[in-house]
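The block underneath contains the structure these notes are about, expressed in structure tokens.
In the text below, chain A, chain B and the rest are named by the order of the sequence lines, each starting its count at 1.
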Amino acid sequence: MLAKQYRSFKHDLDQRGIIFSFSGYLSEEILYSLGNALRQKMTLEDANITTVKKVFSVFVEQAQNIIRYSAEKLSGDAGQTIELSSGMVTIGTENDRFFIVCANVVLATDEPRLRQRLELLRSMDRDAIKAYYKEQLREAPEEQSKGATIGLIEIARRASEPIEFDFDPIDDQKFFFCMKVSI
Amino acid sequence: MDNLTIAATERSPAVDFDFAAGRLSLKGESYPEDASAVFGPIFSALETFFAATEGREVTFDFDMAYFNSSSAKALMNMFQMLDQAAASGCRLTVNWFFAADDDTMKEFGEDFSEDLDHVTFNLVAVE
């Protein structure tokens, strides 16, 4: 029964073209290891260097967004302060293209701003995204940002199609956020 | 001033600043958890160096294979600092190395160079 259950689970992932999928508490070390495995896999399959770079870049920005912004966190002190963020990163292929999906819990108070930023990026063409990226690169980061406030623009810049995204309400305070990028 | 040498880590670049020789280099990949922790010491060293470097010839080699968005921002700040140093009299040459088939790194080099008015910028394709 056990093997049958997990064979079916694996089969479902394979059917969806998934190369790998990570769900759970994500750390920078896991990001590094998964990222390396991803690059090796793509290189062995002769993907061109620009495609490998684009997929890797979107993967890193998405994983670092989860680590920084997921509302599902576990923190404590085990000799040193440890904070772990939960989320999901999935990479696969469909119609001869790579796709990267990330998902994590976000606070309802953060949802309008995130939605607005993604909608703005969706409304832009390639040249507008590039110009916006260059403009934001010169700006100081926003106060509440732990990064450079340009991760989403970097993702949009590497994408071959407008970013797909969705919010699924969990309760009054939280949404399950999901974003899909095709390369 | 003392040279600045920092070994590369899995997610941060190798720093090799030979101030006496006027030869500075950053090489590798950069996607650290905290970009300010990686770039902070580099900026401090550069500020001290350029404050006392009027009229000198300095070459800065960038040989980056990949960097994330926060590192891109740090690099942009670094280029602004370099252009200022060149504006105040330092003869600065930047070599931006990229693999010949790597469009992403080539484009970053082009983007950064657009802002430089006083630095001599060479885009160097490596076969």
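In this structure, CZ on A:Phe56 lies 9.0 Å from CG on B:Asn68, to the nearest 0.5 angstrom.
Contact detail for A:Gln136 and B:Lys73: the closest heavy-atom pair is O-NZ, 2.8 Å. In terms of heavy-atom proximity, B:Ser69 sits nearest to A:Gly151 at OG-CA, 3.4 Å. Across all their heavy atoms, B:Ala72 and A:Tyr133 have their closest contact at CB-OH, 3.4 Å. When every heavy atom of B:Asp101 is checked against every heavy atom of A:Ile49, the shortest pair comes out as O-CG2, 2.8 Å.
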* To do: Apply salt bridge (Lys or Arg N to Asp or Glu O under 4.0 Å) to A:Lys53 and B:Asp103, showing your working.
  => CA-CA 9 Å; A:Lys53 287 269 165 102; B:Asp103 297 342; over 6 Å; no

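In this structure, the side chain of A:Gln64 engages the main chain of B:Tyr31 through a donor-acceptor pair within 3.5 Å.
Taking 4.5 Å as the limit, every side-chain heavy atom of B:Glu33 sits out of range of all side-chain heavy atoms of A:Glu29. Counting heavy atoms from C-beta on, the side chains of A:Arg138 and B:Asp115 come closer than 4.5 Å. At least one side-chain heavy atom of B:Phe112 sits under 4.5 Å from a side-chain heavy atom of A:Leu137.
Residue with the most contacts toward chain B among A:Asn48, A:Val60, A:Val52: A:Val60 (heavy-atom pairs, distance under 4.5 Å). Interface summary for chain B: among A:Lys54, A:Arg39, A:Glu154, the most heavy-atom pairs under 4.5 angstrom belong to A:Arg39.
Residue contact with chain B, scored on non-hydrogen atoms closer than 4.5 Å, involves the side chain of A:Leu31 exclusively. Interface remark: B:Ala35 contributes no atoms to any contact with chain A (heavy atom separation under 4.5 Å). For B:Phe79, no part sits under 4.5 Å from any heavy atom of chain A, backbone or side chain.
Residues B:Ile6 and B:Met1 share a single hydrophobic cluster, defined by chaining ILVMFWY side chains whose heavy atoms lie under 4.5 Å apart.
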